Novice: 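Dropping a structure here in structure tokens format, bear with me for questions.
Atoms considered below: every heavy atom in the structure, side chains included; atoms not considered: hydrogens, waters and symmetry mates. The structure presented is a predicted model; accordingly, all values stated were derived computationally and were not measured. Just follow the structure's listing: the first ligand is 1, and inside any ligand the first atom is 1.
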Amino acid sequence: MKLFVTGGAGFIGSNFIRYWLKNHPEDKVINMDELTYAGHMSSTKDFADNPNYKFIKGNICDGELVEKVMENVDKVVHFAAESHVDRSVIDPLVFVKTNVSGTATLLDAALKNQVKRFHHVSTDEVFGQLGKDDPPFDENTPYKPRTPYAASKAASDHLVQSYFETYSLPVTITNCSNNFGPYQDIEKLIPRFVTNLLHGEKVPLMGKGENIRDWLFVEDHCRAIELVLQKGEVGQTYCVGGEEKTNLEVVKKILQILGKDESQIEYVEHRLGHDFRYAINSTKIEQLGWRPEHDFAKWLEQTVKWYEDNRWWWEPLLSDRPVVDREAQTSYRQ
Ligand SMILES: NC(=O)c1ccc[n+]([C@@H]2O[C@H](COP(=O)([O-])OP(=O)(O)OC[C@H]3O[C@@H](n4cnc5c(N)ncnc54)[C@H](O)[C@@H]3O)[C@@H](O)[C@H]2O)c1
């Protein structure tokens, strides 16, 4: 099989390609990535020389290129996106361009090339926020995005679904909760906290750390996508989630792993539109045969260890950012 992956130099995309090449050594994988500030060739270093792997630098909004690359492709797995919520508050239009127009461009090319599956990787943030006692999100939860990031992902989900309804393009969607694991950019919550502490800096925690997120180890997300590609029903959406934790619980656990105390926490203002709680009911994909295999406590430890052992990967990112990005580095996805 020939798989076309978009955004494979990013966090989840690079973990997915690594996972796929290992578990499907007979398949060919093409990775197309624009290498924005969030795309790192260093994340693909260990598989870059695999003869079944090919990298193409390109933008998903470039219709001509996308149509050509998709020739003879069997399945598409679409990760490429602007993914950082705080940046979407500062600069929403680039999110509309990449996440909405880029997805539409890919869908059009997929239709012209008659791909056998277009899998769209989306987020639980399209559903908005939950109160403390609300039931978790599931596939029937109405869309109610509250940030430009979430709204752009919601729009892309609707476009994907419309290509199924209108043109019978064989699509599937996964709406996943917060991922953690190796190769996640240092602007996101867990890597931000860990790398700050490894550099002797404090960790910025919004509010009192009361906001709740659902956390899933990235390899479990990759396995969920694999299963949906193999056994998912076209036209269907699958919600994928892990364990609920308050941000304070997450930070305390990281402090404990690194042998630091709570004086390292710096309490900061909530960002605009800060969603209170996300939680996922994964029953539908569990019925397909998926379950998370990595528990939060153990794999958070492994993740912290990965950042301790792989400074070569993240330390260059500290100085590699233009000014606007350095400002964004003081914030993170919570
Ligand atoms: N990280 C999470 O916790 C999470 C949770 C649920 C869903 N998702 C979704 O999963 C996908 C991947 O997320 P991530 O955390 O790996 O993101 P990321 O920001 O780490 O990676 C995004 C990648 O897309 C590339 N890219 C951006 N714009 C592009 C364009 N116009 N053309 C081609 N490539 C482009 C970047 O260079 C980067 O390599 C996104 O669609 C995101 O919405 C992420």
Novice: Which of the numbered atoms in ligand 1 are under 4.0 angstrom from any heavy atom belonging to L35?
Specialist: 37 (O)
Novice: Quick test of your reading of the structure: of R213, H78, E34, whose heavy atom lies closest to atom 29 (C) of ligand 1?
Specialist: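 Among R213, H78, E34, the closest heavy atom to atom 29 (C) of ligand 1 belongs to E34.
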Novice: Using a distance-only test with no angle check, is there a side-chain donor-acceptor pair under 3.5 angstrom linking S83 and K188?
Specialist: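 On atom types as modelled, these side chains qualify, holding a pair under 3.5 Å.
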Novice: When you compare the side chains of T195 and W314, does any donor N or O come within less than 3.5 Å of an acceptor on the partner?
Specialist: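 Short answer, no.
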Novice: Using a strict 4.0 Å cut-off to heavy atoms of V121, name the atoms of ligand 1 that fall inside it.
Specialist: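 Counting from 1, the qualifying ligand atoms are 10 (O), 41 (O).
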Novice: With a 4.0 Å cut-off on heavy atoms, does S14 reach ligand 1?
Specialist: no
Novice: Verify whether the ring centers belonging to H158 and Y143 lie closer than 6.0 Å.
Specialist: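 Yes.
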Novice: Taking atom types as modelled and ignoring hydrogens, do the side chains of E125 and Y149 form a donor-acceptor contact shorter than 3.5 angstrom?
Specialist: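 On atom types as modelled, these side chains do not qualify, holding no pair under 3.5 Å.
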Novice: At a 4.0 Å threshold, what atoms of ligand 1 neighbour a non-hydrogen atom of S122?
Specialist: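 Contacts of ligand 1 toward S122, numbered from 1: 6 (C), 7 (C).
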Novice: Can D220 and R223 be counted as an ion pair, charged N to O under 4.0 angstrom?
Specialist: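 The answer is yes: the pair qualifies as a salt bridge.
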Novice: Select the closest option to atom 17 (O) of ligand 1 among S156, G241, S83, judged by heavy-atom distance.
Specialist: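 Checking each option, the heavy atom nearest atom 17 (O) of ligand 1 is found in S83.
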Novice: So for G102, does at least one of its heavy atoms come nearer than 4.0 angstrom to any atom of ligand 1?
Specialist: no
Novice: Pick, from L216, N179, I12, the option with the minimum heavy-atom distance to atom 8 (N) of ligand 1.
Specialist: I12
Novice: Any link between L169 and M1 through a network of hydrophobic side chains (Ile, Leu, Val, Met, Phe, Trp, Tyr) touching at under 4.5 Å?
Specialist: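 Per the 4.5 Å side-chain linkage, L169 and M1 are not co-clustered.
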Novice: Mind checking whether F180 and W299 have ring centres under 6.0 Å apart?
Specialist: no
Novice: Relative to the heavy atoms of G7, which atoms of ligand 1 are at a distance of less than 4.0 Å?
Specialist: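 Selected atoms, number and element: 23 (C), 24 (O).
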Novice: Give the contacting part of T98 toward ligand 1: side chain, backbone, both or neither, where contact means a heavy-atom distance below 4.0 Å.
Specialist: side chain
Novice: Indicate if F11 and L21 have the same hydrophobic cluster label, given that clusters are the connected sets of ILVMFWY residues with side-chain heavy-atom separations under 4.5 angstrom.
Specialist: yes
Novice: Any idea which heavy atoms bring V234 and T172 closest together, and the distance?
Specialist: CA-CG2, 4.1 Å
Novice: Below 4.0 Å, non-hydrogen atoms only: which portion of C61 touches ligand 1? Side chain, backbone, both or neither.
Specialist: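 No part of C61 comes within reach of ligand 1.
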Novice: Would you kindly specify which portion of Y149 sits under 4.0 Å from ligand 1, judged on non-hydrogen atoms: side chain, backbone, both or neither?
Specialist: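 For Y149, the contact with ligand 1 is made by the side chain alone.
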Novice: For atom 25 (C) of ligand 1, state which one of D33, I225, N59, V85 supplies the nearest heavy atom.
Specialist: D33
Novice: If you measure from each non-hydrogen atom of K153 to ligand 1, which part falls under 4.0 Å: side chain, backbone, both or neither?
Specialist: side chain
Novice: Which of the numbered atoms in ligand 1 are below 4.0 angstrom from a heavy atom of N178?
Specialist: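 Taking each heavy atom of N178 in turn, ligand 1 has 3 (O) under 4.0 Å.
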Novice: Could you name the option among N175, I60, T6, I56 that has the heavy atom nearest to atom 32 (N) of ligand 1?
Specialist: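 Selected option, by shortest heavy-atom distance: I60.
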Novice: Identify, by atom number and element, the atoms of ligand 1 in contact range of G58, meaning under 4.0 Å from any of its heavy atoms.
Specialist: 32 (N), 33 (C)
Novice: Ligand 1 and M32, any nitrogen or oxygen pair closer than 3.5 angstrom?
Specialist: no
Novice: Report the member of C176, S101, A80 with the shortest heavy-atom distance to atom 35 (C) of ligand 1.
Specialist: A80
Novice: Looking at every heavy atom in both H120 and V160, which two are closest together, and how far apart are they?
Specialist: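 Heavy-atom minimum between the residues: CG-CG2, 3.6 Å.
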Novice: Check the side chains of Y238 and N175 for a donor-acceptor pair under 3.5 angstrom, ignoring hydrogens and angles.
Specialist: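 No, no side-chain donor-acceptor contact under 3.5 Å.
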Novice: Can you confirm if the NZ or CZ of K45 lies within 45° of the ring axis of W312 and under 6.0 Å from the centre of its six-membered ring?
Specialist: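 Flagged: K45 positioned over aromatic ring of W312.
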